[in-house]
Amino acid sequence: MSAAQAEGIPPAQTFHLGIGLQDTGWHPGSWFRIPGAQEIFTSQYWADLALAAEAGGLDFVTFEDSLGLQRHGQLDASLVASWLGARTSKIGLIPTLTTTHTEPFHVSKNLATLDHISAGRAGWQVEVSRTEAESRLFGRDRPPAELLPEDSEPWLAELYAESEQAVEVVRRLWDSWEDDAEIRDAATGRFVDREKLHYIDYQGSRFSVKGPSITPRPPQGQPVVSYQGTSEPVIKAAATSADLLFVEAPQRSLAGELLKTVRETERIFGRSGAPLQVYADLTVLVEDSDENAQFRWAGLEEANGSDWSPAGELVAGSAAAVADVVAIYQDLGFAGVRLKPAEHARDLSSIAELLVPELARREIFTPVDEPQQLRRRLGLGEAPNRHSAEQKHHDAALVGDAA
Amino acid sequence: MSASPRQVILGAHFPGVNNTTVWSDPASGSHIAFDSFRRFAQAAERGRFDFLFLAEGLRLREQKGQIHDLDVVGRPDTLPVLAGLAAVTEHLGLAGTINATYNEPYEVARQFASLDHLSAGRAAWNVVTSSDAFTGENFRRGGYLPHDQRYVRAEEFVRAAKTIWDSWSGEEPDPFEYRSTQFSIEGRFNLPRPPQGHPVIFQAGDSAEGRDFAARNADAIFTRHSAGEEGRRFYADVKARAERYGRDPDSLKVLPGISFIIGDTDQEAEEIAAEVRAQQVSGQTAILILERLWNRDLSGYDPEGPLPEIDPDPDGPQLFAGRTRQHDDVHAEVATLRRISAEQGLNLRQTVIATQARQSLIGSPATVAQQIIEAVKTRVSDGFILVPHITPAGLDPFVDKVVPLLQERGALRSEYPQGALLRDLLGLGVPGSPCGGGAETGAQALSPQVSLSH
């Protein structure tokens, strides 16, 4: 029996379920099966998806994004998430924001504001811009692709090292206002206590940022930070900087190995605090029977004109079949799975209405039914402000001296 | 219908981080919580306003090397707030200030296109520039821009954004390219053309360069010239500039920012206005305002005593950062203060209160409605951007008492037209759809269509 159980505290929900959204769905054939695919550029389209996920009690949704053109185009994910922050009340909202051509100062206040709008449900999926095409959108030079191919390890190492610095700047800016900095003290005429606003004075090889932020500390203190990928630079960046990591295991037999690599990387780089929560990405198509699932999958392949398979595991089947696979990842020691629906138009509702009840029945997942901050929901614990913590430490030391 | 007065354009400025905003009032709520913005926006929509307006600052202001703490400090990020408001309003335009110095055209074009799609055509961008290294310290490239290049960058930035917005033909992305003195960018955009074609462009800046920038590029000017002959001169000047660039002067709207006080009677409004001015200018704030003008430490002076006898030091090291200079001739301004103080027997704080009072709409609902209709009729402005002094309820008295009178007089819509774009509300045309594949060079873009001679 664990200490928590011994004290009568209910065990924290330990297995989590998120949904990864990308335009019309992860199967490229999904694009051709929507009558007006331009719908993906309307707020109503995203509202329908997020509200379906929320109604299903999922922990969070992530929003893929890139600055450049991929597939069919994409609204700015952070603004989609802010729009949804005002229309949803329970689900975590994790947009992709890139770090290669953006300013950490802007990224920091953008996500802090999403956290204010959503009452503490904000997260960040950190991505980089690796292509020459994206550099040209900003008129910036990139090493020639023949010297540093887009997916080469040294190039990724450089991009992700920069992203680690960006995350560090963003985190320091989130802490640059202490929670009680706004005092509105009519007696002294002061709106803020300037002792509780902090310059970050960050000097890195890629950025120098003065601070403080213009936006007060977000409700969560530190919104949830995540990376996705399985390359060495990604795992290193996540192990040193993030709360969550999404991985696509090329074969299920390698998934356990991936987890070991993550833990080893954490040890090498001296991660302190809670271990990284690792989520398995699972591409899913859910129907009421395996036959209907196979039938719909065949329709997607036909619409696409060629066979398609994701980098990670794929399950197209009944809720029971998909739940069987989810249970395997739970047993392997993953913190949760991120479901990537093959076809949003159908799978958001089939996940919410068929899969989630099946997982709940097996006591694998407990649907969310009340507003809660995302950190708390995921069991990440409070994020104390580094400045407040320092102060308390300092005060404690003084008390110690006096004694 | 011919008896109807000219239609009045109304904007609602969410109260900002200066001493116009009275945070000490018991009715004053959060400047950060989304509920404040929601409530403010919904009041504006109830009042059939054209748009809501957000300012921006990219570094907390400082005085004498310390963060300024007497006014409201801090604000949420402009674009996420506007995206959130798009979800809780249906018709209201959503205008945000975004700096052209510390951003890149592709990203800003994409953000405003996204906002325009999410709001079904209600986005507006107030283009501002800055050149100070102080703000640049928050950005990766330092960001210092020579003062005389601010509007060059702003203009090229806006043209780059328009090129990007225009780059899809129908449902397909075509390559775009934009080359100028500041930018050399190319690629394919990942969003279809925004519902408005181009989100509405605002400009706020009084210099000749700023006015020319607006005349060439903007749909509306946010100005402080709000009354009388001065307002009419400004109005005529920018409309003439627009014509010189080959534009219909009506396609450039002049919108002064203005504070307001509504009372049951004119006299009651004047009394409230005097109280509010006193709240806006505490003794500390009065000293601070003079320190900004003098560029000297005046903390040893008594706000209830006489004006400082020492001379200002405008050319000394700058004590204040993160704020635009408001006076061109400091010595003349100080002489004016001394004269007013002597003539009216006012102490330091009273002098500041007497001279800081901005042109305001003060009076009974009928008086204020009449002032607005008159200003629009006599071409002082095309409408106003109202700046309340209380967050978030400050707009309510105007909406409840003045708006019905404007509607009765036929100067303001009673209902929004169904599915209207912000451009429709403002009486602006929708930019024609190009054939895609935009390519432009800065050199061509910057030549006026008619040569200037003055």
Side-chain angles (χ1 to χ4, degrees), chain A residues 37-38 41-43 46-47 66-70 73-76 78-87 101-106 109-110 112-114 116-119 133-134 136-139 177 181-182 184 186 189-194 197 206-216, chain B residues 23-24 28 32-34 38 56-60 66-77 79-88 102-104 106-107 110-111 113-115 117-120 137-140 142 168 171 173 183-192 282-285:
Chain A
Q38 298 276 313
F41 306 118
T42 66
S43 51
W46 295 96
S66 70
L67 290 166
L69 181 69
Q70 289 184 341
Q74 166 64 43
L75 291 168
D76 180 283
S78 72
L79 298 183
V80 170
S82 283
W83 194 98
L84 292 169
R87 278 286 184 97
H101 300 297
T102 57
E103 293 285 349
F105 191 85
H106 291 318
K109 62 187 165 64
N110 183 322
T113 302
L114 172 61
H116 284 290
I117 294 173
S118 64
E134 285 160 308
R136 287 184 177 158
L137 298 172
F138 289 79
W177 286 58
E182 185 178 313
R184 296 191 182 225
R190 292 177 308 146
F191 183 80
V192 290
D193 177 355
R194 60 164 77 112
L197 300 179
R206 306 292 307 195
F207 312 105
S208 62
V209 177
K210 179 80 181 173
S213 178
I214 60 161
T215 304
Chain B
W23 55 260
S24 55
S28 169
I32 304 300
F34 184 65
R38 183 202 320 257
E56 190 193 42
L58 294 173
R59 175 123 185 226
L60 299 185
Q66 288 191 298
I67 290 166
H68 175 55
D69 59 1
L70 299 181
D71 296 329
V72 169
V73 180
R75 56 174 116 220
D77 197 15
L79 285 158
V81 169
L82 294 179
L85 290 176
V88 296
Y102 303 111
N103 286 285
E104 295 298 326
Y106 182 85
E107 190 179 15
R110 182 161 186 256
Q111 288 167 326
S114 294
L115 180 63
H117 283 290
L118 286 169
S119 64
E137 285 184 319
N138 280 333
F139 298 97
R140 61 163 94 196
W168 280 43
E171 299 194 353
F183 306 106
S184 175
I185 61 176
E186 64 184 40
R188 292 201 299 169
F189 191 34
N190 59 8
L191 283 174
S282 66
Q284 287 162 290
T285 299

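All values below come from the heavy atoms of this structure, side chains included, with hydrogens, waters and symmetry mates left out. Order of the sequence lines sets the chain letters (A, B, ...), proteins ahead of strands, with each chain counted from 1.
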Quick check on A:S213 against chain B: is it the side chain, the backbone, both or neither that has a heavy atom closer than 4.5 Å?
backbone
Chain B heavy atoms under 4.5 Å from A:Q38: which part of the residue, side chain, backbone, both or neither?
side chain
Provide the closest heavy-atom pair for A:I117 versus B:F34 in the form atom of the first, atom of the second, distance.
CG1-CD1, 3.7 Å
Could you tell me which non-hydrogen atom of A:A86 sits nearest to which non-hydrogen atom of B:R38, and how far apart they are?
O-NH1, 4.3 Å
Mind checking whether B:F139 and A:H106 have ring centres under 6.0 Å apart?
yes
Within the structure provided, determine whether A:L114 and B:P80 are in side-chain contact (heavy-atom separation under 4.5 Å).
no
Rounded distance (nearest 0.5 Å) linking atom CG of B:L60 with atom CH2 of A:W177:
6.0 Å
Roughly how far, to the nearest 0.5 Å, is CG of B:L118 from CG of A:D76?
8.5 Å
NZ on A:K109 to CG on B:L58, rounded to 0.5 Å
5.5 Å
What distance do A:T102 atom OG1 and B:R140 atom CZ have between them, rounded to the nearest 0.5 Å?
6.0 Å
Can you give me the closest heavy-atom contact between A:R184 and B:S28, atom names plus distance?
NH1-OG, 3.1 Å
Check: A:P212 and B:I67 side chains under 4.5 Å, non-hydrogen atoms:
yes
Side-chain heavy atoms of B:L191 within contact of A:L75, under 4.5 Å:
yes
To the nearest 0.5 Å, how far apart are OG1 in A:T113 and CD1 in B:I32?
8.0 Å
Can you check whether B:E107 reaches A:F138 side chain to side chain, under 4.5 Å on heavy atoms?
yes
For chain B, the option from A:A181, A:G85, A:G139, A:G189 that forms the most heavy-atom pairs under 4.5 Å:
A:G189
Residue B:A86 versus chain A: region with a heavy atom under 4.5 Å
both
If you tally heavy-atom pairs under 4.5 Å against chain B, which of A:S78, A:A81, A:G68 wins?
A:G68
Does the side chain of A:V192 reach to within under 4.5 Å of the side chain of B:D69, using non-hydrogen atoms?
yes
Quick check: do B:S114 and A:V80 have side-chain heavy atoms less than 4.5 Å from each other?
no
Steps toward side-chain contact (heavy atoms from CB on, under 4.5 Å) verdict (B:R59, A:K210):
CA-CA 9 Å; B:R59 175 123 185 226; A:K210 179 80 181 173; 3.5 Å; yes
Between chain A and each of B:V88, B:N103, B:T285, count heavy-atom pairs under 4.5 Å; write down the option with the most.
B:N103
Taking every heavy atom of B:A83 against every heavy atom of A:L79, the minimum-distance pair comes out as CB-O, 3.5 Å
Which atoms of B:S119 come close to chain A, meaning under 4.5 Å heavy atom to heavy atom: side chain ones, backbone ones, both, or neither?
neither
Look at B:G187, B:G74, B:A33 and state which one has the largest set of heavy-atom pairs under 4.5 Å with chain A.
B:G74
Is there a donor in the side chain of B:S184 and an acceptor in the side chain of A:R136, or the other way round, less than 3.5 Å apart?
no
Only pairs of heavy atoms separated by less than 4.5 Å count here; which of A:R206, A:H116, A:R87 has the most with chain B?
A:R87
Within this structure, what is the OH-CG distance for the pair B:Y106 and A:L137, rounded to the nearest 0.5 Å?
5.0 Å
Angle between ring planes, B:W168 versus A:F41, binned at 30° and 60°: parallel, tilted or perpendicular?
perpendicular
Side-chain contact test, heavy atoms from C-beta onward, threshold under 4.5 Å: evaluate it for B:Y102 versus A:E103 and give yes or no.
no
Would the distance check show the side chain of B:N190 and the main-chain N or O of A:L67 forming a donor-acceptor pair, the cut-off being under 3.5 Å?
yes
Just by modelled atom types, is the A:L69 backbone N or O under 3.5 Å from a matching donor or acceptor in the B:R188 side chain?
no
Validation row: A:W83, B:L85 side chains within 4.5 angstrom (heavy atoms)
no
Residue part contacting chain B, namely of A:S208, when any heavy atom lies under 4.5 Å:
backbone
Structural part of B:P173 lying under 4.5 Å from a heavy atom of chain A:
side chain
